[in-house]
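Below is one structure; the comments refer to it alone.
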2 protein chains.
Amino acid sequence: MQKSIKVLIVDDHQMFLDGLSSILVGDEQVEVVGVLTDARAVIDTLKDAPVDVVVTDVSMPHMDGIQLNAELKKRNIQAKVLVLTTHNDPDIIQKLIKGGVDGYLLKNAEKNELLTAIKTVATGGKHFSQEVQKKYTESLFSSATTSSTVQTALSKREKEILHLIVEEFTAQEIAEKLFISQHTVNTHRKNLLSKLGVKNTAGLVKQTILKGLLK
Amino acid sequence: MQKSIKVLIVDDHQMFLDGLSSILVGDEQVEVVGVLTDARAVIDTLKDAPVDVVVTDVSMPHMDGIQLNAELKKRNIQAKVLVLTTHNDPDIIQKLIKGGVDGYLLKNAEKNELLTAIKTVATGGKHFSQEVQKKYTESLFSSATTSSTVQTALSKREKEILHLIVEEFTAQEIAEKLFISQHTVNTHRKNLLSKLGVKNTAGLVKQTILKGLLK
DNA sequence: ACTGAGCTCACTAAAAATAGTGATTCTTTT
DNA sequence: AAAAGAATCACTATTTTTAGTGAGCTCAGT
């Protein structure tokens, strides 16, 4: 692949902007076509020059990454959106995924991961860093804040077990991990199937991951 | 983490063998339990001593890394396999991934990446260098477009069946829908588990959704 | 003190998934 | 023509999941 990937960087921190672009220019496949400190300018910029990937911070004044992504998708703009952030907030991740963002990773990600992410989304793929994925699925079980008047009243134990099911553990393995009987795990599993109104493991996992998106 | 990771190195080039082991012994978590110049001796060696990770070259006389990996997986040996190579041949990568190799990186990778890779696979993870990852995910979920370099890792039929699995259908139901035998569905399912490197239905669904295969 | 929810465990039984092996047919590629 | 990949089917065997029923125990709130 020799075609260069046109990247537009958006971040309100100049220092980060510099660091990021210096990393990107070192890659022969990537071409930084512009850097902006205000997300509101992105729309205008895109009118003039085509861009393959917009790399942006999630938290910025005036217009944050979520809004920016929403704007771009709303206007049916081709450019892919890759969001960077310092924090790993499940709510934000949820909004981004819901908004159809193409990738998401932490600012402390390695150079390689960033480049991989850019190339992945540029070719139509999705890239969510492992940490983000993990945190996100974890957050689906956290009994902490979030609230949002969650419909499924899953107990703490049920969430715990659902979490492990999603992590591909068998009932036996879960039983060993939690120091309980396999019977108990299966009972919880039965209740989960019933509560979530799904038929099998596939439904449990699907529901678990998509739950936040459906509402 | 204080437990040492037992590593067996296999390469037909003595010089590389030396260099590699000198790098590895410098890490307190890694213990080089043996070095071999002939892959055919690996099976025997593993009978005597337990090994966590086998680090091997992809191209060797008598038995290459692909065959070695296949042998180990076939014999259901616990040891993880990390493959090194000088080239970045998509076909080889394809075969390795298909063969369920645990990691793959270029010989010119940095010391840190190698150590990270070893630790990752030792703990049950997968490690593929960035180019490998890109090629893999690209090919895996490219929807019939582009993919001039690498063919889709998942066949059309496999994707079809994967979708139905995600939609909570059993093998029997899928068989009826597609007018094929239940045996065939199960064969495809087996191949999917292997190709996606997951353990069960939960893994299939998780991968499918998080990779954006499902809309 | 009572109640209900959550957590626990047990037993049975059927259905489904997982694992391994092998094989045929067809098509595409080399 | 030969090789390789894709799709098909079969057989065995084991593990896991799914389903139904019942029950004791603890803790929090009423």
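Each chain gets a letter, A, B and so on, in the order the sequences are listed, and its residues count up from 1. As the structure is a prediction and not an experimental result, all values here were calculated from the model.
The phosphate of C/dA15 (OP1 or OP2) has no side-chain N or O of B/Thr170 nearer than 4.0 angstrom. For C/dC7, neither phosphate oxygen OP1 nor OP2 lies less than 4.0 angstrom from any side-chain nitrogen or oxygen of A/Thr187. A/Gln172 has no side-chain polar atom (N or O) that falls below the 4.0 Å cut-off from OP1 or OP2 of D/dT15. When the side-chain nitrogen and oxygen atoms of B/His183 are compared with OP1 and OP2 of D/dT8, none of them lie within a distance under 4.0 Å. The phosphate of C/dC9 (OP1 or OP2) has a side-chain N or O of A/Thr184 nearer than 4.0 angstrom.
At whole-Å resolution of the value, CD1 in A/Ile161 and P in D/dT16 are 16 Å apart. Nucleotide D/dT21 holds its C1' atom 13 Å from the CG atom of A/Asn191, rounded to whole Å. Atoms CD1 (B/Ile165) and C1' (C/dA17) sit 10 Å apart, rounded to a whole Å. Atom pair B/Asn186:CG and C/dG22:P shows a separation of 19 Å (rounding to whole Å applied). Here the C1' atom of nucleotide D/dA7 and the CD atom of B/Gln182 are 17 Å apart, to the nearest Å. Per the geometry, NE2 belonging to B/His188 stands 17 Å off C1' belonging to C/dA19, to the nearest Å. A/Glu160 has its CD atom 13 Å from the C1' atom of C/dG6, to the nearest Å. One can place NZ of A/Lys195 at 11 Å from C1' of C/dC7, the figure rounded to the nearest angstrom.
Between A/Glu167 and A/Lys177 no salt bridge is recorded (no basic side-chain N to carboxylate O distance below 4.0 Å).
Checked by atom type and distance alone, the side chain of A/Asn200 pairs as donor or acceptor with a backbone atom of A/Gly203 at under 3.5 Å. The closest donor-acceptor contact from the side chain of B/Asn191 to the backbone of B/Ser194 lies at 3.5 Å or more, if one exists at all.
Counting all heavy atoms, side chain and backbone alike, A/Leu105 lies closest to A/Ala117 at CD2-CB, 3.5 Å.
Considering only side-chain atoms of A/Ser155, the nucleotide from C/dC7, C/dT18, C/dC9 that sits closest is C/dC7. In this structure, the nucleotide among C/dA10, D/dA6, C/dC9 sitting nearest to the side chain of A/Lys190 is C/dA10.
Residue contacts for B/Asn200: at a heavy-atom cut-off of 4.0 Å it reaches the sugar-phosphate backbone alone, with no base atom in range.
Where A/Lys199 and B/Ile180 each meet DNA chain D at their nearest nucleotide, the meeting point lying more 5' is that of B/Ile180.
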**OP:** Please test B/Lys159 against B/Lys156 for side-chain contact (heavy atoms from CB on, under 4.5 Å), starting from the C-alpha separation and ending with a verdict.
**Re:** CA-CA 5 Å; B/Lys159 286 179 185 173; B/Lys156 188 180 160 193; 6.0 Å; no
